[in-house]
2 protein chains.
Amino acid sequence: MSEAKSESKSVNLTKRAVYELRQRIIHGGLAGGTRLYEVALSEELQISRTPVREAMSRLAEEGLLERASGGGFQVRSFSYRDVTDAIELRGVLEGTAARLAAEQGADKTALAEIGAILDELDDCFAGEAGESLDFDRYSELNGQFHAKLAELCQSNVILRELERVKSLPFASPSAFVLGSQQTRRSLQSLVVAQAQHRALVQAIERREGVRAEAIAREHARIARANLEQTFITETQAPDSLPGIALITR
Amino acid sequence: MSEAKSESKSVNLTKRAVYELRQRIIHGGLAGGTRLYEVALSEELQISRTPVREAMSRLAEEGLLERASGGGFQVRSFSYRDVTDAIELRGVLEGTAARLAAEQGADKTALAEIGAILDELDDCFAGEAGESLDFDRYSELNGQFHAKLAELCQSNVILRELERVKSLPFASPSAFVLGSQQTRRSLQSLVVAQAQHRALVQAIERREGVRAEAIAREHARIARANLEQTFITETQAPDSLPGIALITR
DNA sequence: CGCCCGTGATTTGTATACATTCGGTGTATA
DNA sequence: TATACACCGAATGTATACAAATCACGGGCG
């Protein structure tokens, strides 16, 4: 137990390298477009080339790296348009999952669990004044909601692709909850978001597939609006958004 | 030139291994769920473990393999439902690409090229009697049509995920064109498909996004119908469908 | 002046030996 | 008879030496 450092579990070197690299990519140590050199990295991480290579390979599967022409890897870089599209794509996939769940009829137990999460989300708004929202808790529960929702359609294929899109840090459902903590507008957008959560679940319960799909898409567009807001207000913000270092061009 | 065997380009061993393994997976040498052992494979392919491992990693990115619990890889296996969902997902993604293209306004030149492909597709139906369709040519052109269509929305993110889904052999747009060569019904379904191609392009030209999306989804459902047909008529067919060996459970 | 080709350094590709881990099997003891 | 422990073997994980390919740079030639 004592060896569980914050960074490096001693499980195996590949996982350590994956973790290390992912941290650096998301938090800006390695900007979008940067090429990764095996030897340099292995010296820096004190790990031999083989597990480093393996780690890069896994991060490519994850979508954070891409294979460079002529071998090797580079940090994947995203244009503003790419980020927008990724959010739209998440909406499309969540919409599809919701529609399928509605069409097939969703499992009652799972729906009840989702309802419980929604109640807890409501509790986050407890303080009536504008300021007293528990952002961390909201973010956590929001993530759970979206995960459970995706499972409702019971489709491995859809779930898998959705996980893939969500693994892009800025396309995750909770990306902007933490990103824009300060503003009053962001609190209002959370109120709207929660209303959409309720409507979405209702649509699925009533087997209104088209409605469910439309709501899910619109729900994702809140993230898009928040993205625009983030880029307008604090142009050079450091950690206003996870993975902001990947966005270039 | 003389060393360009049918199987192994001498470029490098990783690519050779990727190619070899992909062939075996798609054509049934390695059934869905099979675990791949590095040593056995490297002996069999006469390639050392390192490039074999690398190849497996790439095939995992491609979606043909998955990482097994406790290390290593196994051939990904698909239930009938998974195949169905993959086709539906392709429809959803192509639909999104079409909608975005319609909303943004598609490039005239690209649209003209697509129109030319459609004309060529029409030519495939030249012989008036039921039998005289050039399936190979149709299949090739059909693939080109779908590729060009996806490019219309000019979105890297959408394109990338679409490529990913299409890389599953049975989810590719042309999977069933070759698969069901014999039947008269399949010829009819190609006529319907071509009509949908025209309608889809028209919708994009007229910037009718919702219509374009709906047509693209419906178009993919032809593949789904052909899938059902394939499974009804020839239950144990060997190569009636590329990648049929992946379908289990 | 520009282009092409060779050469060297840098970087990835490949082979292989050794380490580690996990699972199975058998035996011994309670 | 059941359980626990230890050993063995097979598989992946890791390190590293060597090979091959690629890129940048500079010199020679058209």
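Reminder, nothing fancy here: chain letters follow the sequence lines and each chain counts from 1.
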Checklist entry - Looking for any heavy atom pair under 4.0 Å, which part of the strands does A:Leu41 touch: base, sugar-phosphate only, or nothing? => result nothing
Next on the checklist: Categorize B:Arg67 for me: base, sugar-phosphate, or nothing, with a 4.0 angstrom heavy-atom threshold over every strand shown.
Outcome noted: nothing
Just the rounded figure in Å: distance from [atom2] of [N] to [atom1] of [X].
| X | N | atom1 | atom2 | value |
| --- | --- | --- | --- | --- |
| B:Phe73 | D:dA11 | CZ | P | 16 Å |
| B:Leu13 | C:dG13 | CG | C1' | 8 Å |
| B:Glu43 | C:dT16 | CD | C1' | 13 Å |
| B:Arg35 | D:dA11 | CZ | C1' | 7 Å |
| B:Lys15 | D:dA21 | NZ | P | 11 Å |
| A:Gln46 | D:dA15 | CD | P | 10 Å |
| B:Glu54 | C:dT14 | CD | P | 8 Å |
| A:Arg53 | C:dT14 | CZ | P | 8 Å |

Next on the checklist: Which heavy atom of A:Ala55 sits nearest to which heavy atom of A:Thr14, and what is that distance?
Outcome noted: CB-O, 3.9 Å
Item to check | A:Thr34 side chain to A:Leu30 backbone, donor-acceptor under 3.5 Å | outcome: no
Next on the checklist: When you measure from the side chain of B:Arg164 to the backbone of B:Glu61, do you find a donor-acceptor pair of N or O atoms at a distance under 3.5 Å?
Outcome noted: yes
Checklist entry - If only side-chain N and O atoms of B:Arg49 are considered, is one of them under 4.0 Å from the OP1 or OP2 phosphate oxygen of D:dA11? => result no
Item to check | Side-chain N or O of A:Thr50 closer than 4.0 Å to phosphate OP1/OP2 of D:dG13 | outcome: no
Out of [options], which has the shortest distance to the side chain of [X]?
| X | options | value |
| --- | --- | --- |
| A:Tyr37 | C:dT12, D:dG13, C:dA15 | C:dT12 |
| B:Ile47 | D:dA15, C:dA15, C:dT12 | C:dA15 |
| A:Ser48 | D:dA15, C:dT16, C:dT11 | D:dA15 |

Checklist entry - Are more than 12 heavy atoms from other residues, nucleotides or ligands located less than 6.0 Å from atom CZ of B:Arg24? => result yes
Checklist entry - In terms of side-chain geometry, is the basic nitrogen of B:Arg221 or B:Glu88 positioned less than 4.0 Å from the acidic oxygen of its partner? => result yes
